[in-house]
Amino acid sequence: MDIRQLQYLVALAREKHFTRAASACNVTQPTLSGRIRQLELELGVPIVERGQRYQGLTQEGARVLKWAQLILNNWASMHQELAHLATSDFGLTGRLALGAIPSALPMIPYLTQAVRKLHPHIDFTVMSMSSEEILRGLDDYSLDAGITYLDNEPINGLIATPLYTERYSLFVPAGHPLAGQPIVSWGEASKLPLGLPTTNMQNRRIIDRAFRTAESRPEPALETNSVVNLYSSVKLMGLASIMPEYIVGIFGEDPDVHAIPLTSPNIAQSVGMITADRDPVAPLIRAFREAAASFSTHGLAAVQLANQKIT
């Protein structure tokens with residue numbers, strides 16, 4: 001058994017196609033198939049369901065995959081630590097894969113900036129994902145960390161670092177009858193033509209729960225999993241929308257859009273970073289945890305400053 005066999009197996013499970021997995025590993029399809037077959041012979045168990053096309057892993061194969069993911073993760077962490085020891089004057093190097101709920105995406109640069117101040121050679125891959133996708137990504141090692149809600153759905157077996165508290169505002173176009181109001185109730189908001197997050201997003205479930213508490217049931221005119229699209233729907237389509245209040249600070253002063261704090265009920269959700277509880281901790285993940293802890297202590301002022309810009 002060697003590392004390449006495990007890499008081929010993880011690629012096959014990810015791509016669910018022999019040819020695509022071989023291409024991702026920069027080898028021929030016969031080479032990938034042969035090395036996985038060799039792994040089966042060495043372990044004495046069938047790993048891949050046999051057929052003309054990829055049909056999935058056997059029960060034994062699923063367990064081998066979990067071990068392969070763990071071994072490859074530790075192997076990568078070892079290389080990160082050794083590389084850091086060899087080049088300690090230059091800081092850590094490598095790439096972190098991050099998944100974030102759409103409403104938290106505007107806050108990611110605060111964290112990545114904090115990391116790069118200490119380690120300028122760390123790069124990032126940032127993906128917009130639902131909370132369920134983030135949990136799956138942490139479980140199968142395709143993500144190093146996730147930014148999600150901490151108090152709305154279970155995050156058992158993970159290390160959580162609170163970052164900031166998310167509150168909500170009603171966003172309306174300039175000239176809207178409610179644009180000059182100091183506050184708006186969820187009940188009032190429910191009567192408007194709304195753009196809302198899609199129903200698979202945890203952000204939407206929080207919004208729906210607030211509407212139920214207000215005994216209201218809106219029928220959205222637009223659903224999307226993009227905060228940018230929601231903001232554009234207010235600015236260009238004339239819809240109203242419900243988004244985190246700090247969005248105003250992210251997009252900057254905009255005379256075409258007004259944000260009004262929502263009340264009755266008052267909703268506040270804790271947003272934070274989650275990582276898998278594994279030991280040893282990869283140096284890149286440790287650096288990101290430290291940045292998150294610093295942000296939750298000091299960087300929160302940036303969010304509060306953005307909140308103060310609400311018109």
Take Thr58 and Val45 through the side-chain contact (heavy atoms from CB on, under 4.5 Å) test and state the conclusion after the steps. CA-CA 9 Å; Thr58 63; Val45 296; over 6 Å; no

Chi angles and distances behind the salt bridge (Lys or Arg N to Asp or Glu O under 4.0 Å) call for Asp208, Arg204: CA-CA 6 Å; Asp208 285 347; Arg204 173 63 180 275; 2.9 Å; yes

Can you tell me how far apart [atom1] ([X]) and [atom2] ([Y]) are? Round to the nearest 0.5 Å.
X      : Y      : atom1 : atom2 : result
Thr112 : Leu98  : OG1   : CG    : 8.0 Å
Ile247 : Met107 : CD1   : CE    : 8.5 Å
Tyr54  : His17  : OH    : NE2   : 12.0 Å
Leu163 : Ser270 : CG    : OG    : 8.0 Å
Leu192 : Leu170 : CG    : CG    : 6.0 Å
Gln269 : Ile207 : CD    : CD1   : 10.5 Å

Electrostatic pair Arg205:Glu132 at N-O distance under 4.0 angstrom: yes

Is a donor on one side and an acceptor on the other found under 3.5 Å between the side chain of [X] and the backbone of [Y]?
X      : Y      : value
Asp144 : Ala97  : yes
Ser216 : Ala214 : yes
Lys191 : Glu188 : no
Glu40  : Ile47  : yes
Thr31  : Val27  : no
Ser23  : Arg20  : no
His119 : Ile122 : no
Ser33  : Gln29  : yes
Ser130 : Met201 : no
Arg35  : Gln5   : no

Cut-off 3.5 Å, side chains only: do [X] and [Y] have a donor facing an acceptor?
X      : Y      : value
Thr275 : Arg289 : yes
Ser103 : Glu166 : yes
Arg14  : Ser142 : no
Ser232 : Asn229 : no

Can you check side-chain contact (heavy atoms from CB on, under 4.5 Å) on Val271 and Thr148, steps first, answer last? CA-CA 6 Å; Val271 177; Thr148 186; over 6 Å; no

[X] versus [Y]: any side-chain heavy-atom pair under 4.5 Å?
X      : Y      : answer
Leu194 : Leu239 : no
Val10  : Gln69  : yes
Ile206 : Ile267 : yes
Leu32  : Thr28  : no
Leu150 : Ile274 : yes
Phe18  : Val48  : yes
Ile147 : Ile101 : no
Tyr168 : Asn203 : yes

Over all atoms of both residues, closest heavy-atom pair of [X] and [Y]:
X      : Y      : answer
Tyr246 : Ala104 : OH-CA, 3.7 Å
Ser185 : Ser264 : CB-CB, 4.3 Å
Val227 : Pro102 : CG2-O, 3.3 Å
Ile134 : Met129 : CG1-CB, 3.9 Å
Glu245 : Ser169 : CB-OG, 3.5 Å
Asn225 : Ser128 : O-OG, 4.3 Å

Same cluster for [X] and [Y] if Ile/Leu/Val/Met/Phe/Trp/Tyr side chains link at under 4.5 Å?
X      : Y      : value
Ile159 : Tyr149 : no
Trp186 : Leu178 : yes
Tyr141 : Leu138 : no
Leu196 : Met237 : no
Val228 : Val172 : yes

Name the orientation class of the two ring planes belonging to Tyr231 and Phe171 (parallel below 30°, tilted from 30 to 60°, perpendicular beyond 60°). perpendicular

List the steps, then state whether side-chain contact (heavy atoms from CB on, under 4.5 Å) holds for Asp254 with Lys235. CA-CA 9 Å; Asp254 188 343; Lys235 187 177 177 70; 3.0 Å; yes

Worked verdict on Lys66 versus Glu60 for salt bridge (Lys or Arg N to Asp or Glu O under 4.0 Å): CA-CA 10 Å; Lys66 294 296 291 184; Glu60 297 89 344; over 6 Å; no

Starting from the C-alpha separation in whole Å, work towards a yes-or-no answer on salt bridge (Lys or Arg N to Asp or Glu O under 4.0 Å) for Asp123 and Arg116. CA-CA 8 Å; Asp123 298 321; Arg116 289 191 67 126; 3.3 Å; yes

Decide side-chain contact (heavy atoms from CB on, under 4.5 Å) for Ile3 and Ile71; before the verdict, give the C-alpha distance in whole Å, the side-chain angles of both, and the deciding distance to 0.1 Å. CA-CA 8 Å; Ile3 288 294; Ile71 291 168; 4.3 Å; yes

